[in-house]
Amino acid sequence: MTGRPKRHAATRYPQSRALRDKAHRLIPGGCHTNAKGDDQFPEEAPGFIARGSGCHVWDVDGNEFIEYGMGLRAVTLGHAYGPVVAAAAAEMQNGSNFNRPAAIEVTCAERLLECLPNHDCVKFTKDGSAATSAALKLARAHTSRAKVAICLDHPFFASEDWFIGTTAVNAGVPQAIRDLTVGFRYNDLDGLRALFAAHPREIAAVILEPARNEEPHPGYLAGLQELCRREGAVLILDEMITGFRWDVAGAQHVYGITPDLSTFGKALANGFALSALVGRRDLMELGGLHHDKERVFLLSTTHGAETHALAAGIATMHEYRTKPVIETLYARGDRLREGVDRHIRDLGLAPCFSVTGRSCSLQFNTSGPDGQPSQAYRTLFLQEMLARGILAPSFVVSYTHGTADIDATIDAAGAALKVYRAALADGIERYLEGRPVKPVYRRYN
Ligand SMILES: Cc1ncc(COP(=O)(O)O)c(C=O)c1O
């Protein structure tokens, strides 16, 4: 097979290109979330989005795409989802921030705890990172211990020093802080046992996602909980991704485990800035007014309970509880996986390209001819999907992905994978237009 000439794509994104230069002059990184950055996408990609509706977005050049992942997995119901936008807009008319709490803070707390009946209390905030960091602070105050144990197979817990200090981008994080975070592997109870033994009575908390791409082995989460109890450490499940996706009651409900604390965000308000720390009363109340223990300064910020974000959260939870949102996420994911798997089989692409994860949270994996994970091949697949109107850093679906959107994506993937196969045979240089994407966690540009 011979390579086809590369496209000369310079004309598809002129407005994005112009705006990109300005953005990088004004904003370090050109944007406010690393995962949205230019280095995460092919050079010829929509640089800036003008608007979204359902699972469709339009860039500043007027190009239309079917999007996956959508707001870093936050927009689970779809962009500009009517009932959520209407609830937020109506609340805005009443004012968004006062000197005393708004009544909607209590309503939203009630609604969330109805979804999560095993938890007693909730504290809302704006970002997932603030919620996970607050969970660690509570655990440290409760146990009078300093160290925290994080799951090394889960890629992100917070933009704060306690986590970023463990990555390659740890500039600016003092060694003293890095020394306080230790790591363990998912599905490896013996490893965690050894970690507790290496740091006796020093670990305040164990934090992990209930699951990521890998499902928990039978008994793993229960064993982990038992181990934490025995060692006196607080168990924190980070449900930022799994919450309102695996199940309305979170992955903890699916796996039958109640952690001491857990954190939610992203899908909680369909992309509006709302996250939550929930948990056991005796722990959570350390941040309250009705105890005589030492006080914990827990999640107190100016914008923490912005009323329209809470209204968006209430409306989002209502949609989840009254419509088949979760079932639809799984059904659309099943359809997409089956269709793409068919192309992978027909083209003989396994194991270089695969689709993995729960149907409600699919990702694709790209390897080169040597079988090693490859950023260049990831870039090629992104490039070929973009050329066919699909903006898909993952295959994470939303409630508004219709079957026609899924089928269009399967067709595009079939065509993109033909190019992928040709590149495996002929060499990727013939097909890749521009530089490959780069890992987020890297020390230098
Ligand atoms: C599992 C997990 N925890 C925490 C966070 C941090 O959330 P945020 O970016 O809202 O601070 C993320 C964000 O991607 C996440 O995926």
Exercise. Please say whether more than 12 non-hydrogen atoms of neighbouring residues, nucleotides or ligands are located less than 6.0 Å from CZ in Arg178.
Key: yes
Quiz prompt | Neighbour count >12 (heavy atoms, 6.0 Å) for atom NE2, His154 | solution = yes
Donor-acceptor check, side chain of [X] to backbone of [Y], threshold 3.5 angstrom: yes or no?
X: Asp405; Y: Gly402; answer: yes
X: Ser374; Y: Tyr377; answer: yes
X: Lys266; Y: Val75; answer: no
X: His142; Y: Ala233; answer: no
X: Tyr399; Y: Ile326; answer: no
X: Arg111; Y: Gly313; answer: no
X: Asp59; Y: Asn63; answer: yes

Quiz item: Are His343 and Phe353 close enough that their ring centres sit under 6.0 Å apart?
Solution: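 Not close enough - the centres of the two rings lie 6.0 Å or further apart.
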Exercise. Give a yes or no on whether the ring-centroid distance for Tyr220 and Tyr186 is below 6.0 angstrom.
Key: yes
If you measure only the distance, is there a donor-acceptor pair under 3.5 Å linking the side chains of [X] and [Y]?
X: Glu44; Y: Gln383; value: no
X: Asp238; Y: Thr132; value: no
X: His199; Y: Lys147; value: yes
X: Thr356; Y: Ser354; value: no

Exercise. Please determine which of Leu261, Ile257, Leu221 meets the side chain to side chain contact (heavy atoms under 4.5 Å, CB included) test together with Leu235.
Key: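 Answer to the side chain to side chain contact (heavy atoms under 4.5 Å, CB included) test with Leu235 among Leu261, Ile257, Leu221: Ile257.
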Quiz item: What residue among Val148, Ile203, Asp260, Leu138 forms side chain to side chain contact (heavy atoms under 4.5 Å, CB included) with Val234?
Solution: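 Among Val148, Ile203, Asp260, Leu138, the one meeting side chain to side chain contact (heavy atoms under 4.5 Å, CB included) with Val234 is Asp260.
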Quiz item: Between Asp153 and Arg185, is there a side-chain N and carboxylate O pair less than 4.0 Å apart?
Solution: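 Yes, Asp153 and Arg185 are salt-bridged.
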Practice problem: Check the angle between the aromatic planes of Tyr420 and Phe381 and answer parallel, tilted or perpendicular using the 30° and 60° thresholds. | Solution: perpendicular
